[in-house]
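Right, one structure below, let's go through it.
Any value given below was found using the heavy atoms of this structure, including those in side chains, with hydrogens, waters and symmetry copies removed.
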Amino acid sequence: MEKLILMPVFLQILLTSVVLVLMGRRRIRAAKNKEISVAAFKTMNLSGANEQVIATSRNFENQFQMPMLYLFSVLFTLQLGLADMGYVVMGAAFVLLRLVHTFVHIGSNNVRMRFNVFLLGCVVLWAIWLRLVWQVLVA
């Protein structure tokens with residue numbers, strides 16, 4: 001089970017890496033097309049960049065917010081010997097929702113859809129943590 005619980009983690013790392021590459025490509029293209037000056041990258045002032053550059057940059061930053069709480073939950077679950085199919089399924093659901101969130105964010109950027117997917121991912125993450133806290137403190 002310990003190896004299985006890591007599969008969503010690997011997918012989250014792959015997602016973050018793909019967004020990193022896409023962000024770099026979009027930034028380079030914007031700089032080459034003179035949509036943003038290279039000097040803007042000194043302070044990361046992307047206010048003059050196009051929506052795709054900004055959305056992809058924000059999405060990359062998002063990969064180091066709620067997903068970090070998920071990664072910590074996996075570490076604690078493994079350390080405490082609590083890994084089971086429930087954590088695998090919830091972890092997979094969380095990461096798949098992060099994947100959908102990313103597609104929406106760097107694609108159509110439909111704010112309502114993006115928020116709903118983000119919120120659903122948060123609910124799954126809270127369920128993971130509530131279960132973990134319950135198992136540590138009560139069970």
Supply the atom-to-atom distance [X] [atom1] to [Y] [atom2], rounded to the nearest 0.5 angstrom.
| X | Y | atom1 | atom2 | value |
| --- | --- | --- | --- | --- |
| N59 | L20 | CG | CG | 11.5 Å |
| L120 | F94 | CG | CZ | 10.5 Å |
| L75 | L80 | CG | CG | 10.5 Å |
| W134 | L82 | CH2 | CG | 14.0 Å |
| T16 | F64 | OG1 | CZ | 5.5 Å |
| R131 | S73 | CZ | OG | 11.0 Å |

Report whether [X] and [Y] are members of the same hydrophobic cluster (ILVMFWY, side-chain heavy atoms less than 4.5 Å apart, transitive linking).
| X | Y | answer |
| --- | --- | --- |
| L119 | M68 | no |
| F115 | V123 | no |
| L71 | M7 | yes |
| I13 | L11 | yes |
| V95 | I106 | no |

Practice item. For L15 and Q12, run side chain to side chain contact (heavy atoms under 4.5 Å, CB included): C-alpha distance rounded to whole Å, both residues' side-chain angles, the deciding distance at 0.1 Å, then the answer. Key: CA-CA 5 Å; L15 173 62; Q12 178 62 47; 4.3 Å; yes

Review point. Is the number of heavy atoms from other residues, nucleotides or ligands under 6.0 Å of M66 CE greater than 12?
Key: yes

Where is the tightest heavy-atom contact between [X] and [Y], given as atom of each residue plus distance?
| X | Y | result |
| --- | --- | --- |
| V53 | A30 | CG2-CB, 3.8 Å |
| G91 | I128 | N-CD1, 4.0 Å |
| V124 | A93 | CG1-CB, 4.2 Å |
| I5 | P8 | O-CD, 3.4 Å |
| L69 | W129 | O-NE1, 3.1 Å |
| A55 | N109 | CB-ND2, 4.1 Å |

**Study point:** Test side chain to side chain contact (heavy atoms under 4.5 Å, CB included) applied to Q63 and T102, step by step
**Key:** CA-CA 9 Å; Q63 302 308 324; T102 295; 3.1 Å; yes

Review point. Name the one of E61, R26, R25 that satisfies side chain to side chain donor-acceptor pair (under 3.5 Å) with T56?
Key: R26

Review point. Which residues pass the side chain to side chain donor-acceptor pair (under 3.5 Å) test with Q65, sequence neighbours left out?
Key: N62

Review point. Who are the side chain to side chain donor-acceptor pair (under 3.5 Å) partners of N116, not counting sequence neighbours?
Key: none

Exercise for review: List the steps, then state whether side chain to side chain contact (heavy atoms under 4.5 Å, CB included) holds for Q135 with L130.
Suggested key: CA-CA 9 Å; Q135 287 183 303; L130 286 173; over 6 Å; no

Exercise for review: Could you list all the salt bridge (charged side-chain N to carboxylate O under 4.0 Å, His left out) pairs where at least one residue sits in residues 96-115, not counting sequence neighbours?
Suggested key: none

Exercise for review: Run the numbers on V9 and Y70 for side chain to side chain contact (heavy atoms under 4.5 Å, CB included), then give the verdict.
Suggested key: CA-CA 9 Å; V9 172; Y70 165 65; 3.9 Å; yes

Practice item. Could you tell me how the ring of H105 sits relative to the ring of H101: parallel (under 30°), tilted (30 to 60°) or perpendicular (over 60°)? Key: perpendicular

Point to revise | Side-chain (Y87) to main-chain (L132) donor-acceptor, under 3.5 angstrom | key: yes

